[in-house]
There are 2 protein chains.
Amino acid sequence: MEADKSLVSGSMALLVLKLLEDGDKYGYQMTSELKARSEDVFHLKAGTLYPLLHTLEEKGLVTAYEREAAAGKPRRYYHLTKEGQAVLREKEAAWHTYADAVGRVLRGGACSAGT
Amino acid sequence: MEADKSLVSGSMALLVLKLLEDGDKYGYQMTSELKARSEDVFHLKAGTLYPLLHTLEEKGLVTAYEREAAAGKPRRYYHLTKEGQAVLREKEAAWHTYADAVGRVLRGGACSAGT
DNA sequence: AGTGATATATCGAATGCCTATATAAAAGGA
DNA sequence: TCCTTTTATATAGGCATTCGATATATCACT
């Protein structure tokens with residue numbers, strides 16, 4: 001199943017940062033892992049990912065380095081910086097706040113009389 | 001606490017539709033209820049809400065009617081149509097799919113320590 | 001008379017993501 | 001050999017969503 005594209009945005013940075021917490025990764029790897037870990041919900045496109053990675057690099061949240069692959073083009077690996085880790089924690093907290101609030105609204109139909 | 005604005009978008013339609021499941025409501029009331037029910041996480045602005053309501057009306061998801069208030073300007077009430085209810089259920093399902101997927105990624109994905 | 005809350009409405013700007021496109025190398029089939 | 005798919009990175013253009021600023025109008029309180 002695929003997520004409604006209009007439902008959420010701005011969370012890709014959070015997810016990419018989270019992937020890098022696991023260890024350094026290159027772009028193409030992130031798209032595959034995100035697809036696998038989300039069970040086919042997230043289809044992070046190249047046209048979304050690479051500009052996002054460049055932005056994260058400009059902000060100092062990740063650093064990049066190239067490494068030759070056994071075959072094919074050299075891969076550009078990304079590494080999560082300390083700043084990136086801090087931002088990741090902020091974004092995780094913000095996500096939980098937001099998701100909990102949506103949950104309250106979606107479940108809270110009956111309690112409208114209260115307070 | 002306030003949700004990171006860049007974190008999510010496109011969910012306002014879902015939340016507004018959900019509010020109307022409870023019963024007919026007018027715009028200003030929706031902003032207050034959403035703020036209360038989300039415990040101050042959602043600050044739905046007038047500049048967001050009214051264009052959104054007009055769009056929902058064009059799509060046939062809600063209908064509108066005016067009713068005089070005891071005092072002040074006449075209020076424009078919105079009613080959830082059957083189509084609106086159907087779309088609401090779709091959007092609720094999409095939200096759960098999305099939120100669950102984010103949860104999976106944030107908890108360490110598929111290949112970490114078991115469940 | 002002035003301020004703030006109630007109540008609806010529109011416009012311009014910013015942001016975020018996607019589609020389409022381009023480049024390049026290796027693997028596999030016809 | 002040629003062609004398509006997969007791997008791999010990258011940019012430009014465009015659409016959708018939301019907010020801030022602004023406008024109008026009535027009522028309550030001072």
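These numbers come from a predicted model, not from an experiment. In what follows, every chain begins at residue 1, and chains take the letters A, B, ... in the order their sequences are listed.
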For Gly47(A), which contact category applies under a 4.0 Å heavy-atom criterion: base, sugar-phosphate, or nothing? base
Please report the distance, rounded to the nearest Å, between CG in Leu49(A) and C1' in dG16(C). 14 Å
Where the side chain of Arg75(A) is concerned, which of dA10(D), dT7(D), dA7(C) is the nearest nucleotide? dT7(D)
Length of the line joining Tyr98(A):OH and dT18(D):P, which is rounded to integer Å: 8 Å
Say whether Ser38(A) and Tyr98(B), considering side chains only, have a donor N or O and an acceptor N or O under 3.5 Å apart. no
Parallel, tilted or perpendicular: which describes the rings of Tyr65(A) and Tyr77(A), with under 30° parallel and over 60° perpendicular? parallel
If the cut-off is 4.0 Å, is Lys45(B) near the phosphate of dG20(D), judged by side-chain N/O to OP1 or OP2? yes
Using whole Å, report how far OH of Tyr28(A) lies from C1' of dA24(C). 14 Å
Whole-Å distance, Glu33(B) CD to dT6(C) P, equals 13 Å
Salt bridge check, Arg75(A) against Glu66(A): does any charged N sit closer than 4.0 Å to a carboxylate O? no
How close or far is atom C1' of dT18(D) from atom NE2 of His54(B), stated in whole angstroms? 15 Å
When rounded to whole Å, the CG to P distance for the pair Leu44(B) and dT6(C) reads 15 Å
Taken to the nearest whole Å, CD/Glu68(B) to C1'/dT8(C) is 14 Å
Do NZ/NE/NH1/NH2 and the carboxylate oxygens of Asp100(B) and Arg107(B) come within less than 4.0 Å? no
Looking only at heavy atoms, the pair that brings Lys18(A) and Val105(B) closest together is CG-O, 3.7 Å
I'd like to know if Arg76(A) and Asp24(A) make a salt bridge, using a cut-off of under 4.0 Å between side-chain N and carboxylate O. no
Quick one: closest heavy-atom pair of Thr63(B) and Thr81(B), and the distance? CG2-CG2, 3.7 Å
Taking the side chain of Tyr26(B) as its heavy atoms from C-beta onward, which of dT18(D), dT8(C), dA10(D) lies nearest to it? dT8(C)
Taking five pairs at each end, how big is the angle between the two axes of the helix from dA1(C)-dT30(D) to dA30(C)-dT1(D), to 10°? 10°
Measure CG/Leu52(B) against C1'/dT17(D) and give the value in whole Å, please. 10 Å
